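Remember, it's a predicted structure, so these values are computed and weren't measured experimentally.
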Amino acid sequence: MTDLRALQDRFEILDLYSNYAIGMDRGDRARFASVWSEDAVWLCAELRLELVGKAAILAYYDSRPGRAPSTPDRGGNLRLAGNHVIEVHGDTASGLAEFVAYRFTGSSMHPYTMGHYEDVFVRDETGWRLRRRDMVVCPVQAAP
């Protein structure tokens, strides 16, 4: 018999992946902020990114280099994550997902990076949040 709580946990964590991407791609700060725990850590060695705490993550979001217009505007980005592997352990969970990012030039989409997320999630009083993201990316390529 399937554990309905386990299915609910998995769907809530999958929503975090979606809200992260949509928040980034559409410039929706509130949606992006809702993903992170207060003590979150976001690391990416390839981008020299080491952000500790939700406030630092949101400061980066507000001033991020290469900030693009909201999708679907020309120059907008689109992130697609898939191949999710989620393991729930009570009020914590681990996740692994692969991603590819595209840029819209006005007439076509061009991939400019890909990689994977190694994540740690925590359940707080309001639901699941992302506590740690180790992002591994291939070198970013200039999109036309």
Side-chain angles (χ1 to χ4, degrees), residues 5-144:
R5 178 60 185 246
L7 289 173
Q8 180 180 355
D9 290 341
R10 181 173 172 76
F11 281 117
E12 288 179 14
I13 291 169
L14 286 169
D15 280 348
L16 294 177
Y17 283 103
S18 297
N19 286 326
Y20 166 87
I22 291 170
M24 288 289 281
D25 295 340
R26 297 206 171 184
D28 186 339
R29 187 182 194 274
R31 183 181 297 270
F32 178 80
S34 74
V35 169
W36 303 94
S37 68
E38 292 299 323
D39 61 347
V41 175
W42 185 10
L43 305 172
C44 181
E46 296 82 7
L47 300 177
R48 296 184 181 92
L49 192 65
E50 187 174 337
L51 303 170
V52 179
K54 185 175 184 175
I57 291 168
L58 293 178
Y60 173 78
Y61 177 90
D62 291 337
S63 66
R64 64 193 187 274
R67 185 177 179 146
S70 177
T71 301
D73 291 339
R74 181 183 178 95
N77 296 320
L78 178 68
R79 289 163 183 78
L80 301 175
N83 301 327
H84 298 90
V85 177
I86 298 168
E87 296 180 8
V88 178
H89 310 282
D91 288 336
T92 63
S94 61
L96 176 66
E98 298 172 323
F99 71 89
V100 62
Y102 295 89
R103 179 146 305 131
F104 179 58
T105 64
S107 60
S108 61
M109 297 291 291
H110 298 274
Y112 69 91
T113 194
M114 64 182 186
H116 69 270
Y117 305 124
E118 298 174 11
D119 296 325
V120 175
F121 302 95
V122 63
R123 186 192 340 248
D124 66 18
E125 61 279 353
T126 61
W128 286 98
R129 299 288 173 258
L130 183 55
R131 177 175 275 167
R132 181 183 177 102
R133 167 155 285 173
D134 289 290
M135 187 169 71
V136 177
V137 298
C138 294
V140 174
Q141 302 297 313

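- Counting heavy atoms of neighbouring residues, nucleotides and ligands inside a 6.0 Å radius, atom CE of M114 does not exceed 12 of them.
- Among residues two or more places apart in sequence or in another chain, the salt bridge (Lys or Arg N to Asp or Glu O under 4.0 Å) test is passed with R5 by D9.
- Qualifying side chain to side chain contact (heavy atoms under 4.5 Å, CB included) partners for D91, counting only residues two or more places apart in sequence or in other chains: R123.
- By the 4.5 Å heavy-atom criterion applied to side chains, L49 and Y60 are counted as neighbours.
- To the nearest 0.5 Å, atom CD1 of residue I57 and atom CH2 of residue W36 are 4.5 Å apart.
- Every residue meeting the side chain to side chain contact (heavy atoms under 4.5 Å, CB included) condition with S37, not counting sequence neighbours, appears here in chain and number order: D39, A40, V122, R129, R131.
- Using a 4.5 Å heavy-atom threshold, the side chains of D62 and R29 count as touching.
- A distance of 11.0 Å separates CH2 in W42 from CG in D119, rounded to the nearest 0.5 Å.
- Taking NE2 of H89 as the reference point, atom OG1 of T92 lies at 6.0 Å (rounded to 0.5 Å).
- From E12, atom CD reaches atom CG of N19 across 11.5 Å, with rounding to the nearest 0.5 Å.
- Every side chain to side chain contact (heavy atoms under 4.5 Å, CB included) that A101 has, sequence neighbours left out, goes to R79, Y112, T113.
- For F99, the ring pair (Phe, Tyr, Trp, His ring centres under 6.0 Å) partners are Y117, not counting sequence neighbours.
- In this structure, OG in S94 is found 9.0 Å from CD1 in I86, a value given to the nearest 0.5 Å.
- Around the CD atom of E46, the shell of radius 6.0 Å holds more than 12 heavy atoms that belong to other residues, nucleotides or ligands.
- For the pair R133 and Y20, the cation sits on the ring face: its NZ or CZ lies under 6.0 Å from the ring centre, inside 45° of the axis.
- The heavy-atom pair separating Y17 from A97 by the smallest distance is CE2-CB, 3.7 Å.
- The side chain to side chain contact (heavy atoms under 4.5 Å, CB included) check on D134 picks up L43, E118, R132, with sequence neighbours excluded.
- How far CG of D28 is from CD1 of I22: 8.5 Å, rounded to the nearest 0.5 Å.
- Relative ring orientation between F32 and Y61 is described as parallel, the plane-to-plane angle staying below 30° on a 0-90° scale split at 30° and 60°.
- Closest approach of A56 to V52, counting heavy atoms only: CB-O, 3.4 Å.
- Outside the 6.0 Å centre-distance limit, the rings of Y102 and H110 are not counted as a close aromatic pair.
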